[in-house]
Amino acid sequence: MSLKRVLIVNKSFPLAGLELLKNKVEAVVLPHLDYEPESLPTIKKNLKGIDGLIWNTKHKLTGELLDLAGPQLKSVTTMASGIDHIDVPELKKRGIPLGNTPQVLDDAVADITVGLLIAAARRFKEGVQELEAGEWKYGVQWMVGQDIAGSTVGIVGFGGIGQAVLRRLRGFDVARFIYSGRTDKPQAKTLGAERVPVEQLLKESDYVILACPLSKETKHMINADSLKTMKKTAVVVNIGRGELIDQEALYTALKEKQIFAAGLDVVTPEPIGKDHPLVSLPNCYIIPHMGSATVETRNKMASISAKNVLLGLEGKPMLFPC
Ligand code: NAP
């Protein structure tokens, strides 16, 4: 009997995942990275007749692509926690199970979040820029930033990553942790965090950390109006998705010093051009979506997506069903 076919749409899939698929399915890895122009056309050409799909790409998985695959497609997984790039209703309509890879990336993304928070609050970008320009001018008022000790930290989206961020920041003598979201989290009590409406969180936080999914509800939650309600000393850190922020409004707020700084792992678009206005700002510290980028974490994400897709093909529940 011939093996079922699993398509892996981006060539950067770690060996750790491929090993798990070996001899169980016929795994086809496409030869491109997302930003290569041939990437999406090659995906489209190779979808027909596949049984399983590892969607390890930022391209959107649409109904049109599912139609190209055909009705035998029985199992789909991302290699990510966020599923905003997947047309979930289209999969549901076709009865195709979907998995993702949360939890294993919480530590790596939380580390990056704390890194961004410190970098933005303590003006790493500006400091390095001045040093590299030969303009290191010591003075007691030069490059002064914001403290973490004694601050209020607000976490929007108190899931796996949000809670891991709190656990790390506990060592920084934060005065108060608050979070916002659709439901109360039972872990909040032990972690010492209080749930408040998002409007209150934005008003009272020294650090606003965006760690929620992108949805109709959360798109542009940081906008011209909400930025006006924030403290002048506030720092915004976004590890969720770029579209949580209206970037034009953020640019204005940072330029006019309505807020102190931003640290962004995610932006719109990705990759962002080097001439983008946000990139030019000394108080906007951007890194290129590196949240889960550690060797160990990427291996774990690949292993889980391999296990998800195999379980789906066997008609069993995936490790992380969406
Ligand atoms: P998670 O464990 O599912 O947590 C997400 C949390 O967001 C949930 O607790 C959810 O709780 C909350 N949420 C949902 N809708 C919300 C809303 N409207 N307002 C506030 N909170 C809301 O997911 P995770 O693994 O922590 O990941 C969170 C997001 O981070 C992902 O969706 C993804 O976009 C992003 N991410 C980025 C990276 C990176 O490399 N930068 C890596 C992984 C994930 P309630 O529904 O109960 O409110």
Side-chain angles (χ1 to χ4, degrees), residues 80-82 100-124 144-215 217-218 221-222 226-241 244-245 259-266 285 287 290-292 294 296-297 300 320:
S81 174
N100 67 343
T101 67
Q103 296 181 19
V104 291
L105 43 69
D106 291 351
D107 288 335
V109 184
D111 292 349
I112 275 273
T113 310
V114 175
L116 280 172
L117 187 154
I118 298 175
R122 301 299 298 275
R123 304 169 68 168
F124 279 15
V144 290
Q146 306 296 334
D147 280 310
I148 303 176
S151 69
T152 294
V153 172
I155 303 175
V156 181
F158 203 46
I161 298 170
Q163 293 177 29
V165 170
L166 186 153
R167 287 197 298 274
R168 279 155 180 72
L169 288 177
R170 268 172 151 180
F172 285 77
D173 298 328
V174 168
R176 184 172 172 234
F177 286 107
I178 51 183
Y179 73 98
S180 69
R182 297 175 302 182
T183 55
D184 271 330
K185 299 289 169 216
Q187 302 90 335
K189 200 162 178 233
T190 332
L191 291 169
E194 179 198 349
R195 180 161 164 246
V196 299
V198 67
E199 296 77 18
Q200 184 184 344
L201 182 146
L202 296 177
K203 213 163 117 191
E204 295 181 2
S205 296
D206 298 295
Y207 296 96
V208 172
I209 297 173
L210 305 179
C212 63
L214 172 65
S215 64
E217 202 187 343
T218 59
M221 65 187 309
I222 302 296
S226 58
L227 282 158
K228 281 189 195 119
T229 67
M230 291 168 61
K231 295 184 179 182
K232 269 193 163 352
T233 50
V235 172
V236 175
V237 176
N238 187 9
I239 60 82
R241 286 289 179 262
L244 296 175
I245 297 181
I259 65 167
F260 188 74
L264 312 175
D265 184 41
V266 286
Y285 190 89
I287 54 171
M290 290 155 62
S292 66
T294 68
E296 245 334 272
T297 300
K300 286 181 187 163
F320 294 100

Checklist entry - Should Met290 and Ile112 be marked as a side chain to side chain contact (heavy atoms under 4.5 Å, CB included) after you check the CA-CA gap, both sets of side-chain angles, and the distance that decides it? => result CA-CA 8 Å; Met290 290 155 62; Ile112 275 273; 4.2 Å; yes
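- Taking every heavy atom of both residues into account, Gly263 and Ala120 meet most closely at N-CB, 3.9 Å.
- To the nearest 0.5 Å, the span separating CG on Asn238 from OG1 on Thr113 amounts to 9.5 Å.
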Next on the checklist: Walk me through whether Leu264 and Ile245 qualify under side chain to side chain contact (heavy atoms under 4.5 Å, CB included).
Outcome noted: CA-CA 10 Å; Leu264 312 175; Ile245 297 181; 4.0 Å; yes
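- In this structure a side-chain-to-backbone donor-acceptor pair under 3.5 Å is present from Thr101 to Ala80.
- Annotation for Arg122: atom CZ does not count as buried by contact number, only 12 or fewer foreign heavy atoms lying within 6.0 Å.
- A donor-acceptor pair under 3.5 Å is formed between the side chain of Arg195 and the backbone N or O of Gly181.
- Shortest non-hydrogen contact noted between Asn100 and Ser81 is ND2-O, 2.8 Å.
- Distance alone, capped at 3.5 Å, is enough to place a donor-acceptor pair between the Gln163 side chain and the Phe158 backbone.
- Contact between Ser292 and Val109 at its shortest, heavy atoms only, is N-CG2, 3.9 Å.
- A donor-acceptor pair under 3.5 Å is absent between the side-chain atoms of Arg241 and the main chain of Pro213, judged by distance alone.
- Of the possible donor and acceptor atoms, one in the side chain of Arg168 sits under 3.5 Å from a partner among the backbone N and O of Ala164.
- No donor-acceptor distance shorter than 3.5 angstrom exists from the side chain of Tyr179 to the backbone of Gly162, with no hydrogens or angles considered.
- Atom-to-atom distance recorded for Gln187:CD and Arg167:CZ is 9.0 Å, nearest 0.5 angstrom.
- To the nearest 0.5 angstrom, Asp265 atom CG is 12.0 Å from Leu210 atom CG.
- Residue Phe260 comes nearest to Val144 through the heavy atom pair CZ-O, 3.9 Å, listed as atom of the first residue, atom of the second, then distance.
- Taking the six-membered ring where tryptophan is involved, the planes of Tyr285 and Phe124 are perpendicular, since the angle between them exceeds 60° and thus also 30°.
- Side-chain contact between Phe172 and Ile118 is present, with heavy atoms from C-beta onward closer than 4.5 Å.
- Counting only distance, with no hydrogens or angles, the side chain of Ser215 and the backbone of Glu217 share a donor-acceptor pair below 3.5 Å.
- Considering every non-hydrogen atom in both Thr218 and Cys212, the closest pair reads CG2-SG, 3.9 Å.
- The side-chain contact (heavy atoms from CB on, under 4.5 Å) test with Ile259 is passed by exactly one of Val235, Val236, Ile222, Val208: Val236.
- Between Ile148 and Tyr207, the closest side-chain pair of non-hydrogen atoms falls below 4.5 Å.
- Using a 4.5 Å heavy-atom threshold, the side chains of Glu296 and Val104 count as separate.
- Environment of NZ in Lys231: crowded, with over 12 heavy atoms of neighbouring residues, nucleotides or ligands closer than 6.0 Å.
- Here CD1 of Ile155 is found 12.5 Å from NZ of Lys185. Values are rounded to the nearest 0.5 Å.
- For the atom pair CD (Gln200) and OG1 (Thr229), the distance works out to 11.5 Å, reported to the nearest 0.5 Å.
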Item to check | Pair Asp206-Gln146, side chain to side chain contact (heavy atoms under 4.5 Å, CB included): steps then yes or no | outcome: CA-CA 9 Å; Asp206 298 295; Gln146 306 296 334; over 6 Å; no
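- One distance of note links CE of Met230 with CG of Leu201; it measures 9.0 Å at 0.5 Å rounding.
- Inter-residue side-chain proximity for Ile161 and Leu105 is flagged as met; some heavy-atom pair is nearer than 4.5 Å.
- A donor-acceptor contact closer than 3.5 angstrom is absent between the side chains of Lys228 and Ser226.
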Next on the checklist: Set out, in order, the CA-CA distance, both residues' side-chain angles and the distance that settles side chain to side chain contact (heavy atoms under 4.5 Å, CB included) for Ile209 and Leu169, then state yes or no.
Outcome noted: CA-CA 12 Å; Ile209 297 173; Leu169 288 177; 4.2 Å; yes
